[in-house]
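Here's the structure, in structure tokens; my notes come after.
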Amino acid sequence: MGRTPAVVDGTDTGEPPDWLTAAEMGMWQAFRNGSVYDLRSGDPMADDPHGGHPWGPERSVRARIVCMLLLDGPPSLSGRVSSLKLAGLQITDVLDLAGGEILPYAELKHCRFEKEVLFPEAKFTTLRLVNCSIPRVEAARLHTEGDLHLPRCRIHNGMRLTDAQIGTDLLLSQAVIYRDRRGYSIMGDGLSVGQDLQAEMIESHGQLSLRGAKIGVSFSLRGSKLANPYGPRALNAPQLTVERTLYLTPGSPGDVTSGQTPARGTRMQRFESQGGIRLDDGRFGDAVDLGQARFTLENDQEVSLRRVQTPELRFLGEAPQRGKVVLSGAKIVTLIDKSTSWPGPGGLQMGGFSYENLVPQGSFPLSRRLSWVAAATAEYNPEPYEKLATVLRNGGEDADAREVLLAKQRRRRETLPLAAKLWGFAQDWTVAYGYRPGRAALWMAVLWAVSAVAFTRADHPAIKPGEHPNWNPALFSLDLLLPVINLGQDSYWQLRGGWQWFAAILILLGWVLATTVAAGATRLLRRN
């Protein structure tokens, strides 16, 4: 059998070389005509590219012939636009387009690739591989002017898109991607997508890595399942930039490529991750949405949002049973959350976490919010309490803000030595550290009543006989209790013995209680 010529015979005239197979001959003619070359049999079982039914030579074309058509194909027929549109074919050998500039439109549906496809540093207008079985995709520094589509594909040894530049949309929805020998399902560090990255309902078996990736509009992982039992993270995307919203929310198992809202009653599948999520230093223009997300973590794994910046964080998923949620240094404008979404003590870190508005979904009483703060502070740290109090006060919830600051003092008391702890208990029991001014006013009333009764029995000679008002034990007690204000009683009478000590204690308690009441009144007036 003779060697295949180095130059394709007949490319100038458009006639196919005589050494092509029948399947390749048909593909050649369809390319010139711009029509779909479909070799499917009509039997769904036999036509399944992911099934075990063998495809013979009648459905096979050599990868080299595909490359010839895409890189230096024959001219189109008159009035037609040449394009490669294949369905139900098997491409044998390695499809190597590395470094090539491909001008024709390329769309391969329901095809099998015998070996890996190589697209590194290639340039396409638009490339669509739909529901194909592919051993591996190598596409580092790939450049497309339009879309790159790989929906419903099954990629058996990972996909590399490092530093690739996609002009418009990258569509991976319903794809199943298995890990490569380094444990990556998708290596997309430095990836740039002009518009949307749609990876809805995908199955990722390995690490999905998107370090420093930039998405021009939104990034959707709706309904996807990420699993990486081989390493610490299922999604590793530090310094990710998304101009609009990142969706880790439920999706529909229907046709996610249509872009339409699922019909009412359609079963929704939640986003799930078995392994850690890392979004550290990410920038998201509109929101990060974790509605109904489920995270299955090991003890040493995290859902990490360190130093994330976004106007809105929707933390509405299930609380992870193990591992940690980390919000340290994140800057959020509005936090939308549920009380059942946060992990318990030891499972939350939020030192330096900044937020301006709280919008709880469902019942989220203040006691649960305080437990939320306590869960994030294994050791006493005043910052989360003060931040929560500030947000509540700015929202007009002054009473709740005082309760938060009171909880802060009680938490601080646990760290103090015994003497200071006892004094703290006294402050808490009497005036609630000054955050419940009504209690201080009540104590003042009790002290006034007790001291007024007591002073009816006190020996009280006048300091200057003949120059004093009538003795009034109630006014005398009130004059001692109220600082600054002079009711004209205490300066005319002289107490002796233990009554002097009683009066001195009354004056000190009056200063403490009156200051507490005044501070509470000042806060109320400032709020109004």
Side-chain angles (χ1 to χ4, degrees), residues 49 63 66-67 70-71 83-87 91 95-111 113 116-177 180 184-204 208-222 224 237 240-243 255-259:
V66 174
C67 293
L70 291 175
L71 293 171
S83 59
L84 186 69
K85 301 176 184 177
L86 307 180
I91 293 88
L95 182 64
D96 188 352
L97 292 166
E101 184 172 356
I102 295 90
L103 297 178
Y105 174 79
E107 180 177 272
L108 287 75
K109 295 183 175 181
H110 318 293
C111 292
F113 290 83
E116 62 184 356
V117 297
L118 304 179
F119 299 146
E121 301 191 33
K123 294 183 180 180
F124 285 85
T125 50
T126 291
L127 174 62
R128 291 190 170 98
L129 305 177
V130 180
N131 192 31
C132 293
S133 177
I134 311 172
R136 177 169 173 79
V137 177
E138 280 281 357
R141 296 173 298 282
L142 168 71
H143 184 279
T144 70
E145 295 181 11
D147 297 342
L148 173 61
H149 288 190
L150 295 103
R152 297 191 294 278
C153 286
R154 187 163 295 181
I155 303 171
H156 300 276
N157 292 291
M159 176 167 58
R160 182 183 295 272
L161 289 169
T162 307
D163 297 317
Q165 297 184 42
I166 310 303
T168 50
D169 295 335
L170 173 57
L171 180 61
L172 302 172
S173 297
Q174 294 182 332
V176 179
I177 308 116
D180 62 14
Y184 293 100
S185 59
I186 300 177
M187 170 59 81
D189 296 352
L191 172 68
S192 176
V193 179
Q195 296 184 17
D196 292 320
L197 198 173
Q198 297 183 36
E200 301 182 2
M201 307 294 294
I202 70 168
E203 291 184 24
S204 170
L208 199 169
S209 183
L210 294 169
R211 290 172 174 264
K214 296 181 179 180
I215 313 302
V217 184
S218 294
F219 178 14
S220 176
L221 281 162
R222 291 184 178 98
S224 292
L240 173 66
T241 299
V242 179
E243 294 297 327
D255 185 9
V256 297
T257 65
S258 66

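- Atom OG of Ser173 is separated from atom CG of Leu221 by 9.0 Å, given to the nearest 0.5 angstrom.
- Atoms CD and CG, from Glu145 and Leu103 in turn, are 8.5 Å apart once rounded to the nearest 0.5 Å.
- No donor-acceptor pair under 3.5 Å is formed between the side chain of Asn131 and the backbone N or O of Lys109.
- Shown here for Ala122 and Leu142, the closest heavy-atom pair between the two residues is O-CD1, 3.5 Å.
- Considering only heavy atoms from C-beta on, Ile186 stays 4.5 Å or farther from Leu191 through its side chain.
- The two residues Ile155 and Gly158 come nearest to each other via the heavy atoms CG2-O, 3.3 Å.
- Residues Arg136 and Asp180 form a side-chain contact, since some pair of their non-hydrogen atoms from C-beta on lies under 4.5 Å apart.
- The side-chain contact (heavy atoms from CB on, under 4.5 Å) test applied to His156 returns Ser133, Arg154, Tyr178, not counting sequence neighbours.
- To the nearest 0.5 Å, atoms CZ (Phe219) and CG (Leu170) are separated by 9.0 Å.
- Residues Val193 and Asp196 come closest through the heavy atom pair CG1-O, 3.4 Å.
- Here NE2 of His143 is found 5.0 Å from CD of Gln165. Values are rounded to the nearest 0.5 Å.
- In terms of heavy-atom proximity, Ile134 sits nearest to Cys153 at CD1-SG, 4.3 Å.
- The nearest pair of heavy atoms linking Gly188 to Ala213 is O-CB, 4.2 Å.
- Put simply, the side chain of Cys132 reaches to within 4.5 Å of the side chain of Cys111, judged on heavy atoms.
- Using a 4.0 Å cut-off between charged nitrogen and carboxylate oxygen, Glu121 and Arg141 count as a salt-bridge pair.
- Atoms OH and CG, on Tyr105 and Leu127 in that order, are 9.0 Å from each other to the nearest 0.5 Å.
- One finds the CG atom of Leu70 at 10.0 Å from the OG atom of Ser83 (value rounded to the nearest 0.5 Å).
- Side-chain atoms of Leu148 and Leu161, non-hydrogen and from C-beta on, do get closer than 4.5 Å to each other.
- Listed by first and then second residue, the salt bridge (Lys or Arg N to Asp or Glu O under 4.0 Å) pairs involving residues 160-174 are Glu138-Arg160 (not counting sequence neighbours).
- The closest donor-acceptor contact from the side chain of Thr144 to the backbone of Phe124 lies at 3.5 Å or more, if one exists at all.
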task: Walk me through it: do Leu71 and Ile102 pass the test side-chain contact (heavy atoms from CB on, under 4.5 Å)?
output: CA-CA 6 Å; Leu71 293 171; Ile102 295 90; 4.0 Å; yes
message: Before you tell me yes or no, could you show the steps for Ile215 and Leu210 under side-chain contact (heavy atoms from CB on, under 4.5 Å), namely the whole-Å CA-CA distance, both residues' side-chain angles and the distance that decides it to 0.1 Å?
response: CA-CA 10 Å; Ile215 313 302; Leu210 294 169; over 6 Å; no
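- Considering only heavy atoms from C-beta on, Leu150 stays 4.5 Å or farther from Leu171 through its side chain.
- Looking at residues two or more places apart in sequence or on another chain, you find a side-chain contact (heavy atoms from CB on, under 4.5 Å) between Ser220 and Glu200, Arg222, Tyr247.
- There is a side-chain donor-acceptor pair under 3.5 Å between Asp189 and Ser209.
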